[in-house]
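For reference, the structure is listed below as structure tokens.
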Amino acid sequence: MTDSKTLHAAFAGHVSAALDALEAAGTLPGGLNRANVAVEPPRDPAHGDLATNAAMVLAKPAGMNPRALAEALVGELTKIPAVTSAEIAGPGFINLRLSGGAWLEELRAIAALGEGYGRSSMGAGTTVNVEYVSANPTGPMHMGHCRGAVVGDALAALLEAAGHKVIREYYVNDAGAQVDVLARSAHVRYREALGEAVGEIPEGLYPGDYLIPIGQELAKEFGDTYAKAAEGEWLVLFRTRAVAAMLVMIKADLALLGIHHDLFSSEAELQAAGKPAEAEAWLRAHDLVYDGHLEAPKGKMPDDWEPVELPLFRSTNFGDDQDRPIKKSDGNWTYFGADLAYHYQKAQSADALVDIWGADHAGTVKRIKAAVAAMTGADGNPTPFEVKLVQMVQLMKGGQPFKMSKRAGNFVTLADVVEMVGKDVVRFTMLTRKPDAQMDFDFDKVVEASKDNPVFYVQYAHARIRSTLRKAAGEGMAPSGDHLDLLGEEELALVKLAAQFPRLVEAAAAAREPHRVAFFLYDLAGALHGYWNLGNDKPEKRFIVAQDGKLTGARLYLASQIGQVVRNGLALLGVEAVEEM
RNA sequence: GCGCCCGUAGCUCAGUUGGAUAGAGCACGAGACUUCUAAUCUUGAGGCCGGUGGUUCGAAUCCACCCGGGCGCACCA
């Protein structure tokens with residue numbers, strides 16, 4: 001076995017090599033699809049250390065009896081030095097037991113790889129563009145944005161760890177009607193700053209206090225030049241200033257969560273550069289856009305609805321329910337019209353695209369997937385594109401649903417929540433749940449019960465390890481890999497769990513499911529706490545055994561590597577690995 | 001009416017992409033602090049995996065239909 005190769009990677013290779021050998025010997029037909037062959041720990045540890053389903057998966061296409069194939073495979077697998085036994089179980093599982101030494105080597109691999117343990121070359125350096133947050137630049141971040149922000153950020157880190165290049169992108173919707181509303185709202189605050197009694201903020205404008213400083217800055221810069229001027233004289237100027245100010249605010253909010261994007265793309269700039277028009281021309285040339293009549297709405301029917309002719313994209317060709325307009329009747333681009341050009345642009349600099357959206361936009365997934373498939377697939381090789389929906393977060397206060405509205409100004413800002421409970425709690429809470437299920441976020445509960453929060457459980461495991469290492473150092477003892485053979489079954493159980501980390505990272509990245517990392521860390525922390533408490537009753541089970549320097553050195557080595565894995569996992573989630581609590 | 005998501009212990013949720021006897025936390029019962037940090041651990045009880053069919057060696061997982069909850073269904077964003 002090579003020195004710093006992880007056990008997980010090594011055994012995937014071993015099984016593959018064993019199958020090669022069977023093919024070479026003519027036992028197994030060549031060219032079988034091995035994609036479903038798995039090598040993983042069995043759910044019940046009593047079955048062994050590793051199990052493979054290879055015989056069951058391949059038996060049918062090979063036209064063989066699973067049992068017979070398993071026998072042949074066992075013959076190959078027992079040749080591997082680290083394997084102490086290989087047994088056929090159930091319908092054709094092969095259960096492998098590994099020597100303790102093989103697992104102890106994994107500890108050395110962790111030590112050798114350090115922060116790199118868990119990183120993988122699976123992505124082969126291909127570039128993935130992850131677009132997330134993309135909140136409208138009309139106010140501060142609120143809790144409704146939070147889940148997508150955290151999930152997107154963790155996913156970006158995960159993909160990077162799995163060997164992809166990652167572009168973290170934020171699409172700034174600075175071209176629609178909502179930013180005109182923002183500009184008008186800023187104008188009211190501007191007049192207010194000049195001393196005018198503006199009273200209540202008019203219906204339909206953003207009433208939030210966060211625009212007051214914008215008004216003051218505008219007043220300072222422009223005096224009363226635009227106080228009485230017609231809207232046409234100041235709208236673009238105020239819009240530009242207000243959007244810029246909102247982005248500063250949003251970036252600051254995101255920074256509180258430790259989120260930093262690589263790229264902010266402006267919808268207005270995209271339009272100014274003529275990208276949607278280029279896209280339309282191309283689509284028309286390929287008969288994917290035509291002038292046609294929009295179908296009547298399927299849900300509640302507005303009173304003033306009337307059929308109009310608009311340029312429509314043939315999204316029904318790609319599975320959508322109806323064709324979608326790319327321009328409005330006033331000649332402006334629809335959101336979709338700009339968005340398809342935007343996605344085409346993203347696809348130029350990435351091998352794959354991932355969008356993180358809120359579930360309230362689920363209705364538009366089909367059309368944008370259709371657009372990407374159409375525009376990037378002309379050569380028969382469409383850019384892989386996934387939209388990951390994060391379901392709604394129901395905000396609760398005192399057990400009651402809490403409605404937010406930016407219009408009404410009664411939203412809960414992300415900054416407030418982070419200040420209340422901390423970045424790590426917010427991030428971990430959002431990540432200990434698969435994103436496609438709805439969740440409640442109850443402030444009272446999160447604040448008052450924060451000690452029960454799983455994030456502290458994981459952080460505590462790390463803090464315990466670090467404090468033990470500090471104490472040992474104070475007594476002149478250090479981790480040592482010289483006598484790892486002194487470690488017993490209880491220690492090996494810990495190693496076996498930690499050794500799952502590399503394949504977990506790959507699986508989570510492939511599935512785009514960062515929450516798996518959070519649950520793994522919770523399990524690992526539980527195992528560490530359980531092991532630790534053995535030492536409550538039996539001092540000889542503690543990490544530090546004063547009379548036995550060799551054993552202590554080995555256990556400290558174990559502790560140190562477990563700590564490394566916890567740290568690496570927390571880093572993926574953007575949660576701090578604390579030194580003490 | 002249509003589309004997407006969800007339904008697993010009393011509650012909040014996992015379940016390694018179809019694997020072996022379905023698991024955690026909270027709450028409830030019983031225990032462990034003179035400690036390397038008890039923000040911890042050990043242990044008990046708790047299940048029609050929403051329902052019914054189907055696919056196969058094998059289903060909580062895939063398919064169909066139903067039931068229940070959420071989101072969406074304008075040229076908004």
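Hydrogens, waters and symmetry mates play no part in the numbers below; they use all other heavy atoms, side chains included. Sequence lines set the chain letters: A, B, ... in the order given, protein chains first and strands last, and positions in each chain run from 1.
Backbone-only contact: R433(A) has heavy atoms under 4.0 Å from sugar-phosphate atoms and none from a base. Residue-level contact check: Q178(A) touches the backbone only, with heavy atoms under 4.0 Å from sugar-phosphate atoms and none from bases. V365(A) comes within 4.0 angstrom of nothing in the nucleic acid, heavy atoms only. In this structure, A461(A) reaches neither bases nor backbone, as no heavy-atom distance under 4.0 Å exists between it and the strands shown. Here H47(A) lies in heavy-atom contact (under 4.0 Å) with a base. E580(A) comes within contact range of at least one nucleobase, with a heavy-atom separation under 4.0 Å. Base contact: Y460(A) has a heavy atom under 4.0 Å from a base atom. Counting non-hydrogen atoms under 4.0 angstrom, A51(A) reaches a base of the nucleic acid. Among the heavy atoms of the strands lying under 4.0 Å from H361(A) is at least one base atom, whether or not backbone atoms are also near. Nucleic acid contact class of N173(A) (heavy atoms, under 4.0 Å, all strands): sugar-phosphate only. A359(A) comes within 4.0 angstrom of sugar-phosphate atoms only, judged by non-hydrogen atoms across all strands, and of no base. Counting any heavy atom pair closer than 4.0 Å across all strands shown, Y522(A) reaches sugar-phosphate atoms only and no base atom. At a threshold of 4.0 angstrom between heavy atoms, the contacts of A177(A) are confined to the sugar-phosphate backbone, with no base atom among them.
The existence of a salt bridge linking E386(A) and K369(A) is excluded, since no basic side-chain nitrogen approaches an acidic carboxylate oxygen closer than 4.0 Å. By the 4.0 Å N-to-carboxylate-O rule, E131(A) lies close enough to K346(A) to be salt-bridged with it.
Comparing the same atom, C1', in rC76(B) and in rU17(B) gives a spacing of 37 Å after rounding to whole Å. Straight-line distance between the C1' atoms of rC36(B) and rG31(B): roughly 23 Å, to the nearest whole Å. Rounded to whole Å, the separation between the C1' atoms of rA45(B) and rC26(B) comes to 15 Å. Spacing between rC65(B) and rG1(B) at atom P, rounded to whole Å, works out to 14 Å. A gap of 13 Å separates the P atoms of rA22(B) and rG47(B), to the nearest Å.
For G148(A) against I356(A), the heavy-atom pair with the smallest separation is O-CG2, 3.8 Å.
In this structure, rC62(B) and rG54(B) make a Watson-Crick or G-U wobble pair, each of the two defining distances being under 3.5 angstrom. rC36(B) is unpaired under the Watson-Crick or G-U wobble criterion, no partner having all donor-acceptor distances under 3.5 Å. When both distances must be under 3.5 Å, the Watson-Crick or G-U wobble mate of rG25(B) is rC11(B). Both distances falling under 3.5 Å, in either a Watson-Crick or a G-U wobble arrangement, place rU42(B) opposite rA30(B). Remark: rG72(B) base-pairs with rC2(B). Criterion, Watson-Crick or G-U wobble with two distances under 3.5 Å. Both distances falling under 3.5 Å, in either a Watson-Crick or a G-U wobble arrangement, occur for no nucleotide opposite rG18(B). As the counterpart of rA77(B), no nucleotide is assigned, since no Watson-Crick or G-U wobble pattern has both distances under 3.5 Å.
Aromatic ring centroids of H8(A) and F501(A) lie 6.0 Å or more apart.
Between the CG atom of D339(A) and the C1' atom of rC75(B) there is a distance of 15 Å, rounded to whole Å. Distance CG (D537(A)) to C1' (rC36(B)): 14 Å, rounded to an integer number of Å. As a whole-Å value, the separation of D523(A) CG from rA14(B) C1' is 9 Å. The interatomic distance linking M392(A) (CE) with rG69(B) (C1') rounds to 15 Å, in whole Å. A straight line from CG of L395(A) to C1' of rG70(B) spans 15 Å, rounded to a whole angstrom. Between the P atom of rU17(B) and the CD atom of E513(A) lies a distance of 11 Å, rounded to the nearest Å.
Looking at S329(A), its side chain comes within 3.5 Å of the base of rC75(B) through a donor and an acceptor atom. No hydrogens or angles were tested; on distance alone, nothing pairs the side chain of N533(A) with the base of rU42(B) as donor and acceptor under 3.5 Å.
Side-chain atoms of Q178(A) and N173(A) form no donor-acceptor pair, as typed in the model, at a separation below 3.5 Å.
Each of A89(A) and E579(A) lies near RNA chain B, and the nucleotide nearest A89(A) is the one positioned closer to the 5' end.
Taking the side chain of Q438(A) as heavy atoms from C-beta on, and the options rG70(B), rG3(B), rG15(B), the nearest nucleotide is rG70(B). Picking from rG70(B), rU16(B), rA14(B) the nucleotide with the shortest atom distance to the side chain of Q391(A) gives rG70(B). The F456(A) side chain lies nearest to rA39(B) when the options are rC13(B), rA39(B), rA14(B).
Not one side-chain nitrogen or oxygen of H462(A) sits closer than 4.0 Å to the OP1 or OP2 atom of rU37(B).
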